[in-house]
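In what follows, a single structure is set out as structure tokens and then discussed.
Every chain is numbered from 1, with letters handed out A, B, ... down the list of sequences.
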Amino acid sequence: MELYNEKELDRLNPYQKEAVLDESPACIVNANVGSGKTTVLISKVQYLHHVKKVNYEEMTVLTFTNKAADEIKSRLLAAEPELPVEKLRGFGTFHSTALYYLREYLPVEKLGYTRDFLVIDPEEELELALDLIRQHKLKIKYKNRLKKRLESAMAVRGEEKKVSKYQDDIFDLVRLLREEKASQDKMTFFDLLENANLLLREEIGNSPSPKWVIVDEVQDSDSQQLVFLDRLVSRGANLFAVGDPNQVIYSWRGSAFQIFYTLKHKYRAKELTLPINYRSSSSILEAARCFLQNGSPLTGVREPGNKIIVKRQYDAFQDACYLAGRIKKLHREGTPYGEMAVFYRLQSQSGMFEDVFSREGIPFEVSLKRTVGDVPVLRWCIRLLRFSLNKKDTPSGIYVLASREYGEGISEKKAKEIVCNSKPGASLLFDKMCGFSRICEELGDEEALFSYFELERYLNPVSASYMEDRDAVHRLFQIMFDYVKEQQENREAGMRAFINSSSLYGLDVLREEISEEKDSVKLMTLHASKGLEFSCVFITGVNYGLIPLKTRDMDGEEEERRLFFVGITRAKDRLELSYYTNPGERAMPGESRYIRMIPPRLLEGEEERGPAVSLQELKRQVQEQRTQVQERSLQEQKRSLQEQERSLQEQKRSLQEQKRSLREQEPAPTKRVRHPRYGTGVVVREDETMLEAEFEGYGTKEFIKAFSELEYI
DNA sequence: GCCCTGCCTCTTTTT
DNA sequence: GAGGCAGGGC
């Protein structure tokens, strides 16, 4: 094994180094965008291993996405090629780690499961729920929103009174569903964490207790994940968590802005910061600072770079055409397509760009994940394997037999009868599924599996999609056999693990190219952009009503701002914003005030701009700052309170300064204004935000100063 | 099964 | 501010 090179540490800046070397039992690192968060995390792991002699098996590294987990693992393996992958089994998403614990250590029998349980996707749980409603004649309101209703009902735990808001049987359904899932040996993503938390609560000898728990993007944790974390920490694990409160964009999913501070308080954690951003040019960074909420220092090291370009477009189509030309130009000048990305607020906005870009011959990729479940034939095959591996999974058996497209096309009623009464001889396919365990180990290759189930017959050879379907199934089986070989377990256990991981990771079987680094422009929502970086970023539709999206409350509004912050901080060298004068239904015409919040000297647009921030906006910001301080003072220690107070003072001072400079710009008592449409007029009334002027031929008009195109003469 | 009223939600998405 | 659903009255 290679020795951990001390020089590794010297490559880090002092802040990063401090975080890696920190010895406190709990440490929370407040990492700014682009400050080398992942580098610190990986360095920490290596440092613990090589210097502190903590085995990799004694660490649990938790991430939210598979992508992040894969990145950490591959970077560790790149630094240490001889490291056996099995040692990193505790490195993964919260869910995959919970799955690992449940399978290997925790007494799942206590909850009515066997060690061979399978993971199912939310879709299947919904089917199960609908079935139970029918069976037990439950009264459930808003069935079309059952998925959401189940989610919120399942989140109600313990002694809270379980009375439905709509006075229906939703809680009975939750209970029945839990029993049904246990009896069919199935767990959903939710159950994985829930059950792991339940079993980890009791002291059990043979259960996992890692020495170190390391968490990436801790600000995204929901309550289940926080409990999971707590279970591990209360067993004596040290905690090292990295995150950025300015990047909380998933609170609608259960994470909360103040989690960072709650954690710090709860574990009396030491708080460190990584302030230096290496990613973006200083202009981009300065613009980003306008959207920071907690006054944390965000320091850059790069040159000013290009100005931020703001473009006014008639509509999305015009914008797409303009962008196509712009992207081609940048490409000619040497920026690879893969270094450019277009962000938008809503999934539905991607269509226009896809159309125009494919017409213009620009290679692009839309970040939308397709999984096995999205392809009917693969869905059917997975369920065929499910029932073959788990006879308790009767719904899968029925699904396979009663499918209209594939299999024997038996009526649902008959299928139910065959599967539930386990009638041999009634269906060839059913007998094959039942007999699968016996011959499973003897199957030579994926071809043998294909012919065992006589799939050339059951995949409906007369259908138009037969060839496509057959290839997809072959590919699925191929991937499965490769996976099983890697696992070094017996065939049946390996296949079970494969099916679990395919629901957990969403195998992208259909993807033609395996190479991730295709040179193509990436199209995605602002949410999907988190964690990525590009040389050149285009954010489109920066209209009020879209960015920020019209929100219900103040919290939503703040989240919109963080979302925009995440978007602009993805850009390394170029940031270009556009807005529409004629947007669709949802948005309002004209630029979003987010554009006005960026100092004009950073911008390069085709028109002159008014004051960067309206007084109203500044006032609102200070107000927000004030309420934030109040909220946090409940949780935070005195010291940080004072810090906040100081930053508030600074904000106030800068507000006063800006007010003063605004006032200086204001005219002497003459008060005449020019308007592009109404010509020159005389100011009748004026206060901090509003202005009333009389124009010859038009009468008196009222304007909001910051948004009107008035000019003092 | 139709019409009316009231109520609810809508967007973002990972596992 | 629309559109979908539940439930009551008919």
- Could you check Phe291(A) against Tyr594(A) for ring-ring contact (aromatic ring centres under 6.0 Å, His included), going step by step and ending with a plain yes or no? CA-CA 9 Å; Phe291(A) 301 92; Tyr594(A) 283 6; 5.5 Å; yes
- Look at Thr525(A) and dT13(B) and indicate whether a side-chain polar atom (N or O) is within less than 4.0 Å of OP1 or OP2. yes
- Query: Roughly how far apart, to the nearest Å, are dT11(B) and dG4(C) at atom P?
  - Reply: 13 Å
- Taking all non-hydrogen atoms of both residues into account, name the closest pair between Glu71(A) and Thr38(A) and its distance. OE2-CG2, 4.2 Å
- Item | Gap between atoms CG and C1', on Asp191(A) and dT14(B) respectively (whole Å) | 16 Å
- Sorted by chain and residue number, the side-chain contact (heavy atoms from CB on, under 4.5 Å) partners of Val108(A) (sequence neighbours excluded) come out as Leu102(A), Tyr113(A), Arg115(A), Phe117(A), Met187(A), Leu199(A)
- Item | With sequence neighbours excluded, residues passing salt bridge (Lys or Arg N to Asp or Glu O under 4.0 Å) with Lys148(A) | none
- Can you tell which of dC10(B), dT12(B), dT15(B) lies closest to the side chain of Arg345(A)? dT12(B)
- Between dT11(B), dT15(B), dC10(B), spot the one nearest the side chain of Leu346(A), thanks. dT11(B)
- Item | Any residue meeting salt bridge (Lys or Arg N to Asp or Glu O under 4.0 Å) with Asp70(A), in chain and number order, not counting sequence neighbours | none
- Rounded to the nearest angstrom, tell me the gap between atom CD in Glu125(A) and atom P in dT14(B). 19 Å
- Item | Separation of dT14(B) P from Gln225(A) CD (nearest whole Å) | 13 Å
- Please give, in whole Å, the distance from dT11(B) P to Arg561(A) CZ? 24 Å
- Note on the structure: Result for 5'-nearest mapping on DNA chain B, choosing between Lys148(A) and Thr93(A), is Lys148(A)
- Task: Under the salt bridge (Lys or Arg N to Asp or Glu O under 4.0 Å) rule, collect the residues that match up with Glu217(A), sequence neighbours excluded.
- Result: Lys37(A), Lys530(A)
- Task: Kindly say if Lys530(A) contacts the phosphate of dT12(B), meaning a side-chain N or O under 4.0 Å from OP1 or OP2.
- Result: no
- Message: Would you say Asn66(A) places a side-chain N or O within less than 4.0 Å of OP1 or OP2 belonging to dT15(B)?
- Response: yes
- Can you sort out the partners of Ala497(A) under side-chain contact (heavy atoms from CB on, under 4.5 Å), two or more places apart, ordered by chain and number? Tyr483(A), Gln487(A)
- Rounded distance (Å) that lies between atom P of dT11(B) and atom CZ of Phe564(A): 22 Å
Between protein and nucleic acid, restricted to nucleotides 3-6 of chain C and to nitrogen or oxygen atoms under 3.5 Å apart, what atom pairs and distances do you find?
residue: dA6(C); atom: OP1; partner: Lys143(A); partner atom: N; Å: 3.4

- Message: I need the CG-C1' distance between Leu62(A) and dT14(B), as an integer number of Å.
- Response: 15 Å
- Task: Select one nucleotide: of dT15(B), dT11(B), dT13(B), the one nearest the side-chain heavy atoms of His95(A).
- Result: dT15(B)
- Note on the structure: Between CD1 of Ile249(A) and P of dT14(B) the distance, given in whole Å, is 10 Å
- Return the value, rounded to whole Å, for the distance between atom NZ of Lys67(A) and atom P of dT15(B). 10 Å
- Ignoring backbone atoms, test whether Gln347(A) places a side-chain nitrogen or oxygen under 4.0 Å from the OP1 or OP2 oxygen of dT13(B). yes
- Item | Test item: side-chain donor near acceptor, Glu194(A) and Gln224(A), under 3.5 Å | yes
- Please determine, for the side chain of His527(A), which listed nucleotide (dT13(B), dT11(B), dT15(B)) has the closest atom? dT13(B)
- Between dT14(B), dC10(B), dT12(B), spot the one nearest the side chain of Thr65(A), thanks. dT14(B)
